[in-house]
There are 2 protein chains.
Amino acid sequence: MPYRPTERTEARRTATREGIVAAALAQVADGGYASAGVQVVAERAAVAVGTVYRHFPSKGDLFAEAFRRASQRELDLVVRVTEPDGRSARERVAAGVEAFARRALAGPVLAYALLAEPVDPAVEAERLRFRTGYRDAFARVLEDGVRDGELSPHDTHTVAAALVGALGEALVGPLSATMRSRAHSAEPSAAGQGGAKEPLVATLVQFCEEALPRAHERVHA
Amino acid sequence: MPYRPTERTEARRTATREGIVAAALAQVADGGYASAGVQVVAERAAVAVGTVYRHFPSKGDLFAEAFRRASQRELDLVVRVTEPDGRSARERVAAGVEAFARRALAGPVLAYALLAEPVDPAVEAERLRFRTGYRDAFARVLEDGVRDGELSPHDTHTVAAALVGALGEALVGPLSATMRSRAHSAEPSAAGQGGAKEPLVATLVQFCEEALPRAHERVHA
DNA sequence: CGAAGCTGTGAATCGTGATTCACTTCTTCG
DNA sequence: CGAAGAAGTGAATCACGATTCACAGCTTCG
């Protein structure tokens, strides 16, 4: 049995694979999913088209993985900042909303792709999974709030979904606006930012805080 | 000059055209956009493929028109029930939310297609236009509320978008769930409905009412 | 070295569904 | 009726990007 894969070759293999995923993500992050053909990604990864298919069974699988990684990063962040510690449910929701919004506005093209751009079914499925993730993260906070008597009992799943939807929809407009203006000037982070981000974040945080069904007597922050 | 279009032929032409639009919409309403190829629509309209192209420059244009009509109906309804009359902004928002949710749950497949299903860019553009329509309808109510001192001043556009997003996201789950269960049993409106709709509607109405930034002193319903 | 098995290559192929167009059928009017 | 212009037809074509695959180049080990 003359050939046996070794540590070194396996490392090389992994490196190539990672390069392809990275290229796919990079392409989505700066041209959107629409721009991300297999050809283009392969070129970007300095690899032949066939190589992509030696590492992934299909385009859908490749991008599902790329989306999964990017989304996981974001979701982890939101989960982290909403984790139970001394804070009230309200504060925890606010922290999650703020983190979500800030990250999205920082990387608008990727955020738009992750959030709203038309994609393959396999990728869409990944998107769905992560939306569910966000929803569950918020739902957990809401349940804690109900248990502790801070919030009145309610359909936490639906309310959490509504929070996620509110964030998404309110951000998609500004996100695509930023993308459009970027299309003109060449490079990122130019002089006058697309739009004032802070007020937008503040509005969203307030909206989401208010929307929570507080228990009869208020605790005032 | 031997031939001149006349009233009768023009009527026939219009009828054919209408038939095609209706077929397109019907197809979307019961198989989703994914099922709506030009071929299929043509058959459904009892017309040849070429005829479709004699009436519409492209598939995108056909479906853009079909979506436009369906969406306009829905939007008109929401605009109507949120129109200013004696009611408070809160009540008007609640009425809009309720109407939106009820209609969506009544025609889940169409609602899903209108709201969230992946579609052609031309159709997506139409969708965007109508989301903006809903947003503006709610924004108008919010502005009235601010003017009348019922609500505190705020970014009405963003809040309105958040309301629309909350509705959309909270409904998409139940909508696709209903669709999936419909896929099993053959005909609509069978015995045990997909899920209890009323509580869902109530949750959404309450969520949206709560989320509005009320002026300092509360009016209590 | 050379057999065996792996990864990399990229031009050619394939699938899908929108779109075309040469032809037939219908309608109008001198 | 017959010319002329319009609507209808549907098999053939086309566009486009994902996918394949025969071949070339490494890597391992007896």
Side-chain angles (χ1 to χ4, degrees), chain A residues 1-24 27-28 31-66 117-124, chain B residues 1-24 27-28 31-66 117-124:
Chain A
M1 54 218 107
Y3 179 79
R4 184 57 36 88
T6 182
E7 197 178 303
R8 199 158 62 89
T9 58
E10 196 178 320
R12 195 192 304 281
R13 188 175 208 294
T14 302
T16 305
R17 190 188 151 89
E18 292 301 299
I20 294 169
V21 173
Q27 186 61 35
V28 168
Y33 188 77
S35 80
V38 176
Q39 191 74 247
V40 173
V41 170
E43 268 157 35
R44 188 157 191 152
V47 134
V49 189
T51 303
V52 172
Y53 283 89
R54 196 165 288 285
H55 288 273
F56 301 91
S58 77
K59 182 193 179 182
D61 290 270
L62 162 58
F63 281 90
E65 174 150 351
E117 192 177 5
V119 294
D120 281 11
V123 181
E124 184 72 32
Chain B
M1 53 218 109
Y3 179 78
R4 184 59 34 89
T6 182
E7 195 179 306
R8 196 159 64 88
T9 58
E10 196 178 323
R12 195 192 303 281
R13 187 175 208 294
T14 302
T16 304
R17 190 189 152 91
E18 292 301 300
I20 294 169
V21 172
Q27 186 61 35
V28 169
Y33 187 77
S35 81
V38 175
Q39 191 73 249
V40 174
V41 170
E43 268 157 35
R44 188 157 191 152
V47 133
V49 188
T51 303
V52 172
Y53 283 88
R54 194 166 290 284
H55 288 273
F56 301 91
S58 79
K59 183 193 178 182
D61 290 87
L62 163 58
F63 280 90
E65 175 150 352
E117 192 176 6
V119 294
D120 282 12
V123 181
E124 184 71 31

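Order of the sequence lines fixes the chain letters, A, B, ..., with proteins taken first and strands second; residue numbering starts at 1 for each chain. Keep in mind that this is a model prediction, so the values were computed, not measured. Heavy-atom basis, side chains included; hydrogens, waters and symmetry copies ignored.
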A.B. asks: C:dA18 C1' sits how many Å from B:Gln39 CD, rounded?
C.D. replies: 10 Å
A.B. asks: I need the minimum non-hydrogen distance between B:Val38 and B:Val49, along with the two atoms involved.
C.D. replies: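 Distance-wise, the nearest heavy atoms are CG1-CG1, 3.7 Å.
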A.B. asks: For B:Tyr3 and D:dG5, what is the distance between atoms OH and P respectively, to the nearest whole Å?
C.D. replies: 12 Å
A.B. asks: Hey, which of these two, B:Gly50 or A:Thr51, hits DNA chain C nearer its 5' end, going by closest nucleotide?
C.D. replies: A:Thr51
A.B. asks: For B:Tyr33, is there any backbone N or O sitting under 3.5 Å from a side-chain donor or acceptor partner on B:Glu117?
C.D. replies: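 Answer holds: yes.
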A.B. asks: Determine yes or no for a side-chain-to-main-chain donor-acceptor pair under 3.5 angstrom, with B:Gln27 supplying the side chain and B:Val41 the backbone.
C.D. replies: no
A.B. asks: Which whole-number value in Å describes the distance from B:Arg12 CZ to D:dG8 P?
C.D. replies: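 Rounding to the nearest Å, CZ of B:Arg12 and P of D:dG8 are 9 Å apart.
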A.B. asks: Output the rounded distance in Å from CD (A:Glu10) to P (C:dC6).
C.D. replies: 13 Å
A.B. asks: Round to a whole Å and report the spacing from CG of B:Asp120 to P of C:dG17.
C.D. replies: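 My rounded result for the distance is 12 Å.
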A.B. asks: Verify, without hydrogens or angle tests, whether A:Thr14 (side chain) and A:Glu10 (backbone) share a donor-acceptor contact under 3.5 angstrom.
C.D. replies: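 Yes, the answer is positive, given that a donor and an acceptor are paired below the 3.5 Å cut-off.
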A.B. asks: Ignoring the backbone of A:Val49, work out which of C:dG8, C:dA4, D:dT19 is nearest its side chain.
C.D. replies: D:dT19
A.B. asks: Where the side chain of B:Arg8 is defined as all heavy atoms beyond and including C-beta, which of C:dG5, C:dA3, C:dT28 is the nearest nucleotide?
C.D. replies: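 The listed nucleotide nearest to B:Arg8's side chain is C:dT28.
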A.B. asks: Search all heavy atoms of A:Gly19 against all heavy atoms of A:Ala45 and return the closest pair with its distance.
C.D. replies: O-CB, 3.9 Å
A.B. asks: Taking B:Ser58 for the side chain and B:Asp61 for the main chain, is one N or O donor matched with an acceptor at less than 3.5 Å?
C.D. replies: yes
A.B. asks: Taking only side-chain nitrogens and oxygens of B:Thr9, does any of them come within less than 4.0 Å of OP1 or OP2 of C:dT28?
C.D. replies: no
A.B. asks: Relative to B:Phe56, does B:Lys59 satisfy both conditions: NZ or CZ under 6.0 angstrom from the six-membered ring centre, and within 45 degrees of the ring's axis?
C.D. replies: no
A.B. asks: Near DNA chain D, under 4.0 Å by heavy atom, which residues of residues 53-63 of chain B?
C.D. replies: B:Arg54, B:His55
A.B. asks: For A:Arg13 and D:dT28, give me the distance from atom CZ to atom P, rounded to whole Å.
C.D. replies: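 From A:Arg13 CZ to D:dT28 P: 15 Å.
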A.B. asks: Atom CD of B:Gln27 to atom C1' of C:dG17: distance rounded to whole Å?
C.D. replies: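 Spelled out: CD on B:Gln27 to C1' on C:dG17 is 15 Å.
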